[in-house]
2 protein chains.
Amino acid sequence: MNSDHIDVRQHILDTAKPIILGKGFSAVGLNEILTAADVPKGSFYHYFKSKEAFGEALLENYFSNYCGRLDSLFSTQDTTAAERMLTYWSSWLETQSCDDRDGQCLTVKLAAEVSDLSEAMRATLVRGTQQLLARIALCLSEGAADGSLPPFANAEQTALHLYELWLGATLLTKIRRDRSALESAMQSTQLILKIN
Amino acid sequence: MNSDHIDVRQHILDTAKPIILGKGFSAVGLNEILTAADVPKGSFYHYFKSKEAFGEALLENYFSNYCGRLDSLFSTQDTTAAERMLTYWSSWLETQSCDDRDGQCLTVKLAAEVSDLSEAMRATLVRGTQQLLARIALCLSEGAADGSLPPFANAEQTALHLYELWLGATLLTKIRRDRSALESAMQSTQLILKIN
DNA sequence: AGCAACTAGACGACTGGTCTAATAAAGGAT
DNA sequence: ATCCTTTATTAGACCAGTCGTCTAGTTGCT
């Protein structure tokens, strides 16, 4: 039936996410995922054309959830844009600094590994990060409009600056296993946004 | 003999680097590396205790080369610190934006994949990035001293800001396959260093 | 000659992704 | 209610590939 179809498929994706967040893409076998999801190995190719297509779906699912949450945060109009912006980076800091799998960033985990491996997955990453950047830039513009943030010469450029900063900080956090890199990024962010 | 010892070992490392830069750590088998290096499989475990120890050696070798080049760049005293700093980021931009394997950044390629996989490799990454950051911070201080850069409240914090920015930009470059992210990082860098 | 350093590559035990053939379920028609 | 067709789902074979081990052999230095 069609609803089971989607349920099982989604169940595989949900089960796989924390596993892949831990071990990466290549190092994880279908076996491990499917055993964990309690889905027989033979079924996998009914729901996904290949491991690569599955990885693509995983990323698509991730970005669509992520953008959804971002939209609901950024669309609350009873706060200033500066507050929304800070809430966003704060939650980034919290989710990426704790050990809790599942909340962690698939972009940081997979980008380097997967971009040279699969054109399809790379394309999904391009689209996803682009959507993210557009939302950040929009929030910056709203901040300039409502006066809670300084007027930026180029909101896109500032958004990119911030996003690169936090990507790098998250990468360093994976290396360091402590909050220092992300806390430094937060300080830099407040400087960039001219918030004290 | 002892010099052959080192030659073969180093030859394996040199051959492996571009391969791993392309496919990552887990996705590459010893076979592929050893065939490329024309070293029989049996010999591998004479030079390295395990694949993990080999990965550790690869990273150590990378950082020691990298820091060597950095030291010789940063120790040229006939230039201002600001010039040395800009030369460094410019060469980062050039090496990371072109497709040329071998020049690319092992930290960005492996950090996310390997940090959760091997404690030994993670430790090597911590040490390597720390050495790098120290050198950048030192150059910033020299810039404040010779007047070519503004006096920073905290050189370490600024160095970290820059390094995070460029790590993130390089990650985005792997996704995008173009220079845009790195060029944006260069603009941001000039802003941070107050250079126009 | 003796002893260490090094090489050769078969081997084991296992995992990888993929595919085909068999089964189960669903829907229609009589 | 029974049969037939069609689609959804699964079991497990398949083989190429994995890391790491092991023994036998070669090399070269003292």
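Each chain gets a letter, A, B and so on, in the order its sequence line appears, and its residues count up from 1.
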Between B:Tyr66 and B:Tyr62, what is the ring plane arrangement, given parallel below 30°, perpendicular above 60°, and tilted in between? tilted
Carboxylate-amine/guanidinium contact A:Arg84 A:Asp78, below 4.0 Å: no
Identify whether any heavy atom of A:Val39 sits under 4.0 Å from a base atom; if not, whether one sits that close to sugar-phosphate; answer base, sugar-phosphate or nothing. nothing
For B:Ile33 and D:dC19, what is the distance between atoms CD1 and C1' respectively, to the nearest whole Å? 12 Å
Would you please test A:Thr95 and A:Gln104 for side-chain hydrogen bond (donor to acceptor under 3.5 Å, both in side chains) and show each step? CA-CA 6 Å; A:Thr95 50; A:Gln104 248 147 353; over 6 Å; no
Let me know the distance between CD1 of A:Ile12 and P of C:dG17, rounded to the nearest Å. 13 Å
Assess B:Lys51 against B:Tyr45: is NZ or CZ under 6.0 Å from the centre of the six-membered ring, and within 45 degrees of the ring's axis? no
Under 4.0 Å between a side-chain N or O of A:Ser43 and OP1 or OP2 of D:dT9? no
When the distance from NE2 of A:His46 to P of D:dT10 is rounded to whole Å, what number comes out? 8 Å
Any A:Tyr47 side-chain nitrogen or oxygen under 4.0 Å from OP1 or OP2 of D:dA8: no
Between atom CG in B:Leu30 and atom P in D:dT21, what is the gap in whole Å? 11 Å
Closest to the A:Pro40 side chain, choosing from D:dA11, D:dG20, C:dT7: D:dA11
When the distance from NE2 of A:His11 to C1' of D:dT9 is rounded to whole Å, what number comes out? 15 Å
Between A:Glu32 and A:Lys23, does any NZ, NE, NH1 or NH2 come within less than 4.0 Å of an OD or OE carboxylate oxygen? yes
Across the strands shown, which category fits B:Gly29 at heavy-atom distances under 4.0 angstrom: base, sugar-phosphate, nothing? sugar-phosphate
In whole angstrom, what separates A:Leu34's CG from C:dG16's P? 10 Å
Distance check needed: D:dT18 C1' versus B:Lys51 NZ, whole Å only. 9 Å
So, is A:Asn31 near the phosphate of C:dG17, with a side-chain N or O under 4.0 Å from OP1 or OP2? no
Rounding to a whole Å, what distance do you find between A:Phe48:CZ and D:dT9:P? 13 Å
Quick check on C:dC19: is either OP1 or OP2 less than 4.0 Å from any side-chain nitrogen or oxygen of A:Tyr45? no
Check whether any side-chain N or O of B:Lys41 sits under 4.0 Å from OP1 or OP2 of C:dG9, and answer yes or no. no
